[in-house]
There are 2 protein chains.
Amino acid sequence: MARWQPDAPGRLAAAALDLFEERGYENTTVIDIAERAGLTKSTFFRHFPDKREVLFGGGTVAGLLVEGIASAPSAAGPLDAVADALDALGRTFFTADRREFSGRRQAVLNAHTELREREALKRIDLTASMIEALHRRGVPDLTARVAARLGALVWEIAYDRWIDADNSEGFGPLARQALAEVRAAGAVR
Amino acid sequence: MARWQPDAPGRLAAAALDLFEERGYENTTVIDIAERAGLTKSTFFRHFPDKREVLFGGGTVAGLLVEGIASAPSAAGPLDAVADALDALGRTFFTADRREFSGRRQAVLNAHTELREREALKRIDLTASMIEALHRRGVPDLTARVAARLGALVWEIAYDRWIDADNSEGFGPLARQALAEVRAAGAVR
DNA sequence: GCAGTGATGGGACTTGGTCTCATCGACCGT
DNA sequence: ACGGTCGATGAGACCAAGTCCCATCACTGC
């Protein structure tokens with residue numbers, strides 16, 4: 001007989017998302033979350049550094065993206081390397097079974113400034129990771145910075161569309177499509 | 001005889017910057033800041049919604065930028081409109097006498113995650129404002145989003161160089177220069 | 001004078017977040 | 001079977017951020 005129920009972080013994250021949807025982020029205390037998960041405040045902060053972080057699991061995405069950029073064919077240009085990485089992300093992380101959860105989560109994030117703020121920071125750090133990964137491919141600095149930002153834009157567009165129900169396409173193809181559009185728009189500048 | 005010393009927000013901001021430099025952001029209490037400014041915690045929160053915001057005055061920059069984009073010659077392309085706006089910003093806001101302060105402030109921001117987070121949010125909101133301003137010029141959505149992000153990159157590069165002492169150039173010319181470089185890098189993609 | 005205004009002070013109160021110590025089943029070696 | 005360590009949890013004190021409400025008191029206009 002296990003002494004504790006398994007996966008405390010997962011239970012906390014699920015409880016948090018539920019409560020944030022029900023009563024909003026600022027009307028939910030950490031104690032509320034912990035109690036719904038059958039735990040205590042102490043345990044919450046043992047698994048998450050702060051209240052916001054409960055909606056930003058692991059950070060595995062950054063690792064996958066960097067890995068994807070690194071393993072793109074060496075002939076690929078910077079933006080194509082990013083596109084390959086987004087494609088890989090679609091296969092390993094933004095899978096169909098995660099779509100509903102992602103949508104709920106995103107709706108909560110969008111509704112609360114404090115959470116948007118954390119998301120903004122994550123995006124910046126992630127862009128920095130992309131730039132580094134491009135540097136390791138030998139891409140010169142400025143080109144890398146441009147490519148990373150355009151890549152982030154492509155990601156954003158594709159992610160929005162992916163979450164938006166009523167379309168059954170996978171994340172990868174949506175990213176390819178978004179990239180083409182961004183390229184077309186960029187050419188006009 | 002005035003009952004209170006003038007410019008409470010300014011005194012609070014100055015005190016905060018001093019203290020953050022001296023002991024770091026997290027080792028500085030709001031009460032510390034207020035006391036150094038000859039005020040109290042109550043008054044601090046009457047002028048700033050939270051501790052971080054004391055380093056992000058007014059938000060006049062967003063307004064100036066939007067205004068600059070709007071008043072660019074109608075023949076100008078989106079990126080050129082942004083460049084014009086940055087130029088105007090250099091004349092009205094990022095003036096030489098503000099450079100030292102900006103450098104100190106930025107060093108503090110870079111050193112503390114909590115402040116970087118707030119800065120990240122401001123940047124996103126500002127990018128959104130730029131996109132809106134471009135829309136009002138009739139720029140199609142995707143083009144606007146690309147231009148706004150590249151504009152933000154140009155800003156970032158120019159701002160870093162401007163703060164970096166040992167160069168006496170104004171913000172405007174630095175922005176023009178950065179824009180040219182970004183354009184060159186973007187063409188290669 | 002006298003009432004209203006507006007920036008400030010004071011202090012109670014909630015919540016996020018840190019820290020330290022206690023608990024107690026599982027596991028391991030003997 | 002026994003005893004000791006380990007690891008995830010609980011309990012609660014404590015500090016700082018942020019909210020709220022009420023008091024103060026020079027200045028202003030009537």
Side-chain angles (χ1 to χ4, degrees), chain A residues 1-20 22-58 108-109 111-119 121-122, chain B residues 1-20 22-58 108-109 111-119 121-122:
Chain A
M1 179 65 183
R3 183 173 181 190
W4 300 290
Q5 296 302 311
D7 192 22
R11 277 152 52 212
L12 286 166
L17 183 55
D18 286 349
L19 286 168
F20 293 166
E22 287 174 23
R23 356 174 160 155
Y25 176 81
E26 44 275 326
N27 294 321
T28 304
T29 78
V30 170
I31 296 185
D32 293 336
I33 301 171
E35 270 177 0
R36 175 161 304 197
L39 296 167
T40 65
K41 184 184 157 188
S42 294
T43 302
F44 180 97
F45 285 110
R46 209 168 277 121
H47 290 286
F48 302 100
D50 61 48
K51 184 181 171 188
R52 303 163 192 191
E53 204 63 20
V54 73
L55 288 187
F56 296 85
V108 171
L109 292 194
H112 302 282
T113 309
E114 216 170 315
L115 293 170
R116 284 209 312 128
E117 196 173 16
R118 176 59 49 87
E119 196 194 12
L121 181 60
K122 298 274 179 188
Chain B
M1 178 65 181
R3 184 175 181 189
W4 300 290
Q5 296 303 311
D7 191 23
R11 276 153 51 213
L12 286 167
L17 183 55
D18 285 349
L19 287 168
F20 293 166
E22 287 172 21
R23 356 173 159 156
Y25 176 82
E26 44 274 324
N27 295 322
T28 305
T29 271
V30 169
I31 296 185
D32 294 336
I33 302 171
E35 271 177 1
R36 176 162 302 199
L39 296 166
T40 65
K41 186 182 155 190
S42 292
T43 302
F44 180 96
F45 285 111
R46 209 168 278 121
H47 291 287
F48 302 100
D50 61 50
K51 184 181 170 187
R52 302 168 193 92
E53 204 66 24
V54 73
L55 289 188
F56 297 85
V108 171
L109 292 194
H112 302 282
T113 309
E114 216 171 317
L115 293 170
R116 284 209 311 127
E117 197 174 15
R118 175 59 50 87
E119 195 193 14
L121 181 61
K122 299 273 180 192

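Because only heavy atoms are used, hydrogens play no part in the values below, and waters and symmetry mates are left out as well, while side chains stay in. Order of the sequence lines fixes the chain letters, A, B, ..., with proteins taken first and strands second; residue numbering starts at 1 for each chain.
- Rounded to a whole Å, the CD atom of E53(B) is 14 Å from the C1' atom of dG18(D).
- Rounded to whole angstrom, the span from the CZ atom of R46(A) across to the P atom of dC21(C) amounts to 14 Å.
- Summarising the geometry, the separation between CZ on R3(B) and C1' on dG4(C) is reported as 14 Å, rounded to the nearest angstrom.
- The salt bridge (charged side-chain N to carboxylate O under 4.0 Å, His left out) search around E114(B) returns R52(B), not counting sequence neighbours.
- In the set dT9(D), dC25(D), dG7(D), the nucleotide with an atom closest to the side chain of T43(A) is dT9(D).
- Residue L12(B) holds its CG atom at 9.0 Å from CG of D7(B), rounded to the nearest 0.5 Å.
- With hydrogens and angles ignored, the 3.5 Å screen pairs no side-chain donor or acceptor of T29(B) with any backbone N or O of I31(B).
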Side-chain donor-acceptor pairs under 3.5 Å in residues 40-48 of chain B, sequence neighbours left out?
none

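- In terms of modelled atom types and a separation under 3.5 Å, the side chain of D32(B) and the main chain of T28(B) share no donor-acceptor contact.
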Protein N or O to nucleotides 11-18 of chain C N or O, pairs below 3.5 Å:
{"from": "dG11(C)", "atom 1": "O6", "to": "S42(B)", "atom 2": "OG", "distance (Å)": "3.3"}
{"from": "dG16(C)", "atom 1": "OP1", "to": "K51(A)", "atom 2": "NZ", "distance (Å)": "3.0"}
{"from": "dG16(C)", "atom 1": "OP2", "to": "V30(A)", "atom 2": "N", "distance (Å)": "3.3"}
{"from": "dG17(C)", "atom 1": "OP2", "to": "K51(A)", "atom 2": "N", "distance (Å)": "2.6"}
{"from": "dG17(C)", "atom 1": "N7", "to": "K41(A)", "atom 2": "NZ", "distance (Å)": "3.3"}
{"from": "dG17(C)", "atom 1": "O6", "to": "K41(A)", "atom 2": "NZ", "distance (Å)": "2.5"}

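- Comparing dG9(C), dG7(D), dG6(C) by their nearest atom to the side chain of L39(B) picks out dG9(C).
- Between L12(B) atom CG and dA17(D) atom P there is a gap of 14 Å when expressed in whole angstrom units.
- Using a distance-only test at 3.5 Å, with no hydrogens or angles considered, a donor-acceptor pair links the side chain of R11(A) to the main chain of Q5(A).
- Regarding contacts with the backbone of dA8(D), every side-chain N or O of H47(A) stays at 4.0 angstrom or more from both OP1 and OP2.
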